[in-house]
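Note sheet for the following structure.
Residue numbers start from 1 in every chain, and the chains themselves are labelled A, B, ... in the order their sequence lines are given, proteins ahead of strands.
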Amino acid sequence: MPSPVRRLAGALHRRPGLRLAALLCAPMAWLTLAYLGSLTVLLLSAFWTTNDFTSNIEYVWNTANFTQLVSDPLYRAVALRTLAIAVGVTVLDAVLALPMAFYLARVARSATRRLLLVAVTTPLWAGYLVKVYAWWVLLSHGGVLDWLGGTPGFGVPAVVVTLAYLWLPYMLLPLYAALAQLPASYLEASADLGARPWATLRTVVLPIVKPALLAGSVFTFSLSLGDYLTVQIVGGTTQMIGNVIADNVTLNLPLAAAVSCVPVLLVVGYLLAVRRTGALESL
Amino acid sequence: MHLSRGARAALRLATAAGLAVLYLPLLVVLVNSFNASRSFAWPPTGLTLRWWSAAWQEAGVRDALWTSVRAGLGATAVALVLGTMAAFAATRHRFFGRQTVSFLLILPIALPGIVTGIALNAAFRTVLTPLGIGFGLFTVVVGHATFCIVVVFNNVSARLRRLPTSSEDASADLGAHTFQTFWYVTLPAVRGALFAGALLAFALSFDEIVVTTFTAGPGTQTLPLWIFANLARPNQGPVVDVVASALILLSALPVYLAHRMSEERDPAPRTRQARLP
């Protein structure tokens, strides 16, 4: 008579369906209960309202929050500003990361490359708040930039620069990986066929690193889209969607929930659009 | 691609400038933690070690650090188990909805932290609070684990995709059952990926502030929450500088560990190849 463990192992071995179910049930249960469940609670609460006088939630189904969201020009301005900042950060990071990744992957010698990779990844571990704080120190009046000749102060430029700084390694690393895997023969073939470096870059390199560029942009775009702490610290009076949500959480949760749908729709839409290119596989 | 001397120089310059931008702000914080004046002033008027000893003696910092470590360990443990199970399911099986599973795994980290945070907050309040489970370390661990699963999943899946199933088949042919094969053959082969995933999960949890804000009770303070609470207090400036500097210096540790892991992992394929006829 085989032991119960061996019998269970045998059953799992013979039936792949059972094995799959056993492997999937715990992670899916966690994500469905803890995460999708939470998101559902949040979405449902967007259809309730808060009493203006008592600040109590009234559990009556209505779409007042969404109507307010669409009709109030303030929300439209904040949403557009947020989108512009997220796109700006993504473009800035792509422009900064491409030459660095190219140098690391294709120009630097292997000993230098190892050293540079360490140098690039180490600041990634320093922590979100530490890095935002560092920029607060740099940008503040009486700070280093002021001493060097003038600080832009706290506002939208400070937010874009700080966010681009925060997420740069997330753009750099996928680009580096893609460029390092690029077969050298492609570049040689392109050169043999008479393409100048610039043409090779545009017609050979960029199409191949496109999935990596998009993978990096998933991070830079969605992380910027939802940020509110960086804006609080270096944004001055600037508001992004995240700030509107954060400001309403305690006093008007239904409104905060309705506003949350904006970044959720944007990010999910972006993920679905990017998924077709295979970018999510290289995350 | 044959690059001209000028193009190479331009690329080298861009890389050097990029690195300078990456390090300059961190360097300023580091120098500032030794700044003798209490109120922030650049350039420093003199250098002192007294803020470092003041920070060391601050109980709030030590308590927050300990809370962060416990939350990180808890979230990492949950993420390791669930992420590994999901990785095995997604790489070793073909099934309907596989894309949906990976999408569901990415979602908690792709959606803005504030949405994840307030969703968990609303759910905990409606479900857990009536059951008598209050906000605290437990809810923080649940929140962190939710977005840490994906990093373990990514690392382990990447390793599993490259791992041929032949050694597992051989193990089964030699009479080992599913669990023995997992324990003696598969687990040692994915150990490096598990470690890398755990390291990333812990770092992610240790650094998280937004989800923590909405899932920690009033009595639970992690290190990022402590830093944020003290950013606004002018007389705490030097201590915040020291804590930030300590974290900057500590960031070399995971890089070193990851480097050691990759050195340990590199020779393995070579030896395996050498043994094959």
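- Neither the backbone nor the side chain of A/S190 comes within contact range of chain B; no heavy atom of the residue lies under 4.5 Å from a heavy atom of that chain.
- Within the 4.5 angstrom heavy-atom criterion, atoms from both the backbone and the side chain of B/L107 approach chain A.
- If you measure heavy-atom distances from A/L20 to chain B, the contacts under 4.5 Å come from both the backbone and the side chain.
- Each of A/W136, A/Y165, A/W135, A/F221 has some count of heavy-atom pairs under 4.5 Å with chain B, and the biggest count is that of A/Y165.
- In terms of the side chain to side chain contact (heavy atoms under 4.5 Å, CB included) criterion, residue partners of A/L116 (sequence neighbours excluded) are, by chain and number, A/Y103, A/L104, A/A108, A/T112, B/L19.
- If you measure heavy-atom distances from B/L22 to chain A, the contacts under 4.5 Å come from both the backbone and the side chain.
- Classified by interplanar angle (parallel below 30°, tilted 30° to 60°, perpendicular above 60°), the ring pair B/F214/A/Y228 is tilted.
- Only the backbone of A/A22 comes within less than 4.5 Å of a heavy atom of chain B; no side-chain atom from C-beta onward does.
- Using a 30° and 60° split on the angle between ring planes, B/H177 and B/F179 fall in the perpendicular class, above 60°.
- For chain A, no part of B/E208 is nearby; none of its heavy atoms comes within less than 4.5 Å.
- Residues satisfying the ring-ring contact (aromatic ring centres under 6.0 Å, His included) test with A/Y176, not counting sequence neighbours, are none.
- Proximity to chain A (any heavy atom under 4.5 Å) is shown, for B/R92, by neither the backbone nor the side chain.
- If you measure heavy-atom distances from B/R125 to chain A, the contacts under 4.5 Å come from the side chain alone.
- Among B/V210, B/L231, B/I114, the one residue that satisfies the side-chain contact (heavy atoms from CB on, under 4.5 Å) test with A/L229 is B/V210.
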